[in-house]
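For reference, the structure is listed below as structure tokens.
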Protein chains: 2
Amino acid sequence: MFLVSLIPIRSGTPGSGPERSDAARNRELLLCAARQLIEECGADGLTMDKLAERAGVGKGTVFRRFGSRAGLMMTLLSDSEAEFQGRFMFGPPPLGPGAPPLERLIAFGAGRIGYVLEYGDLARAADHSVYNRFEVPAAVLWHRHLEYLLREAGLEADPWLMAMSLSATLDPERLLYAVRVQGVSPERLEESWRQLVTRLVRPAE
Amino acid sequence: MFLVSLIPIRSGTPGSGPERSDAARNRELLLCAARQLIEECGADGLTMDKLAERAGVGKGTVFRRFGSRAGLMMTLLSDSEAEFQGRFMFGPPPLGPGAPPLERLIAFGAGRIGYVLEYGDLARAADHSVYNRFEVPAAVLWHRHLEYLLREAGLEADPWLMAMSLSATLDPERLLYAVRVQGVSPERLEESWRQLVTRLVRPAE
DNA sequence: ATACTAAACGGACTACGGTCCGGATAATAT
DNA sequence: ATATTATCCGGACCGTAGTCCGTTTAGTAT
């Protein structure tokens with residue numbers, strides 16, 4: 001069993017030591033301004049320049065706080081992300097521990113689909129790292145969780161890569177394309193996911 | 001049965017009519033310069049400014065020819081892409097018609113994995129459209145092919161979405177991450193793909 | 001209070017993808 | 001040859017993410 005350091009999402013703190021008061025104040029200003037801007041222009045319409053101006057700080061401050069645009073988006077998502085993590089790691093079955101692995105897999109997909117549809121553009125923008133989006137703590141955690149459930153379900157073959165395939169299926173960009181462009185219903189997504197994982201873990205006669 | 005208009009990849013021609021002689025000359029200059037630059041700096045190191053300068057044309061010309069950076073990359077890949085398309089649509093079994101659907105699915109994955117590993121950065125850069133990368137002709141064709149094979153194999157449930165999951169599994173960015181960062185071997189990828197599609201199409205007892 | 005220092009600040013700067021439009025030019029008609 | 005026109009050309013221009021570095025400031029030691 002592995003226990004990660006408990007929801008290591010992204011606090012928005014650059015250094016390791018305590019935070020200076022002006023830094024803390026600016027972080028709040030920035031998060032507040034970001035939420036305002038997203039409400040006004042949507043997540044895709046948020047630019048780092050507009051954000052800096054709205055918050056009344058320099059552009060450098062924005063990047064020192066959040067590292068990148070994707071980092072900012074992750075910070076904005078961190079509360080709901082932590083909530084979701086808590087549910088699938090410690091919450092009630094079938095998402096949390098207690099239910100059989102296959103049930104948990106199905107619930108995980110449904111949960112993630114709901115999450116992505118709720119925070120659509122934000123989730124997509126958070127994924128838009130130029131570098132490896134697969135090494136973001138949250139992504140690593142999902143992957144490990146899927147891998148763990150696959151093992152528990154008795155999957156023989158390469159749970160690591162299978163977890164990767166499953167992660168790919170739940171990729172925000174694809175899900176949003178299916179729903180928004182192709183008009184696929186969330187229920188249909190969930191059902192397809194259920195079929196997928198069910199067939200995956202079914203033992204080879 | 002559907003027969004697409006036969007390998008509609010991307011010719012690099014903007015208008016619909018015939019091409020003016022200077023335009024044709026510049027297109028050749030650009031493709032040649034692009035291949036040079038990729039050899040020198042890698043696909044990721046190619047910028048549209050450098051390309052224009054190297055080819056001795058204006059920047060506008062580059063974008064009129066190829067539409068975008070991703071469009072240029074697709075054009076550079078079009079020969080090998082056409083070759084791959086020809087193989088899985090008309091070539092010899094097990095990739096081409098004649099073999100049982102499951103065999104063809106397995107071969108398709110292996111072929112695609114080989115393709116992505118061969119043209120790595122190029123394939124990834126070609127996928128990097130800002131807009132919907134899922135509507136690129138080549139991607140649509142793969143998707144339809146996978147969907148068709150899934151149906152042929154007797155899959156009951158939602159072949160369209162299942163084909164989408166399978167496409168996601170074969171996404172260049174993910175494959176390259178697995179191989180280059182995680183050190184997964186191509187054989188392991190192929191084996192995992194084989195397991196995945198085999199389990200998918202296995203009938204529900 | 002004063003001096004000191006590490007941290008944070010700000011905004012000019014770069015790199016890059018992509019757009020625009022006035023001017024050049026190849027094909028065609030006369 | 002000349003005129004006409006649709007197409008193409010070039011490079012200045014824009015918006016955006018991200019970097020850099022001289023300046024300011026919060027916290028702390030004296």
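Every chain is numbered from 1 and lettered A, B, ... according to where its sequence line falls, protein lines coming before strand lines.
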*When the nearest nucleotide of DNA chain D is assigned to B:G56 and to B:R20 on a heavy-atom basis, which residue is associated with the more 5' position?*
B:R20

_B:R35 with B:E39: basic N within carboxylate O range, under 4.0 Å_ = no

*If each of A:A24 and B:G45 is mapped to the nucleotide of DNA chain C with the nearest heavy atom, which maps nearer the 5' terminus, i.e. the 5' end?*
A:A24

*asked:* My understanding is that only residues two or more places apart in sequence, or in another chain, count here; which of them pass side-chain hydrogen bond (donor to acceptor under 3.5 Å, both in side chains) with A:E152?
replied: none

*Rounded to whole angstroms, how far apart are CZ on B:F66 and P on C:dG17?*
14 Å

*Please say which of B:F108, B:W160, B:Y148 ends up in a ring pair (Phe, Tyr, Trp, His ring centres under 6.0 Å) with B:H143.*
B:W160

*Salt bridge check: are B:E28 and B:R65 linked by an N-O gap of less than 4.0 Å?*
no

*salt_bridge(A:E191, A:R194) N-O dist < 4.0 Å*: yes

_Counting only side-chain heavy atoms from C-beta out, which of C:dC9, D:dG18, C:dG18 sits nearest to B:S68?_
C:dG18

*Could you pick out which residue, B:R25 or B:T61, lies toward the 5' side of DNA chain C when each is mapped onto its nearest nucleotide?*
B:T61

*Rounded off to whole Å, could you give me the CZ-to-C1' distance for the A:R54 and C:dG10 pair?*
19 Å

*Can you check the A:D22 CG to C:dG10 C1' distance for me, whole Å?*
13 Å

*Tell me: CE of B:M48 to P of D:dC13, nearest whole Å?*
21 Å

_Heavy-atom nearest nucleotide on DNA chain D for A:L46 versus B:K59: which residue maps closer to 5'?_
B:K59

*Would you kindly give the CG-to-C1' distance between B:L51 and D:dG11, to the nearest whole Å?*
15 Å

*Using whole Å, report how far NZ of A:K50 lies from P of C:dG11.*
19 Å

*When all nucleic acid strands are considered with a 4.0 Å heavy-atom cut-off, which category describes A:R69: base, sugar-phosphate, or nothing?*
sugar-phosphate

*Whole angstrom is fine here: how far is it from CG in B:L72 over to C1' in C:dG18?*
14 Å

*Ignoring backbone atoms, establish whether A:N26 has a side-chain N or O less than 4.0 Å from OP1 or OP2 of C:dA8.*
no

*Return the nearest nucleotide to the side chain of A:R64; candidates are C:dA8, D:dC8, D:dG10.*
C:dA8

*Which nucleotide sits closest to the side chain of B:F63: C:dT19, D:dT19, D:dT16?*
C:dT19

*asked:* What's the closest nucleotide to the side chain of B:S21 if the choices are C:dG17, C:dA27, D:dC9?
replied: C:dA27

_Atom pair distance, as rounded to whole Å: CZ in B:R27 and C1' in D:dT7_ = 15 Å

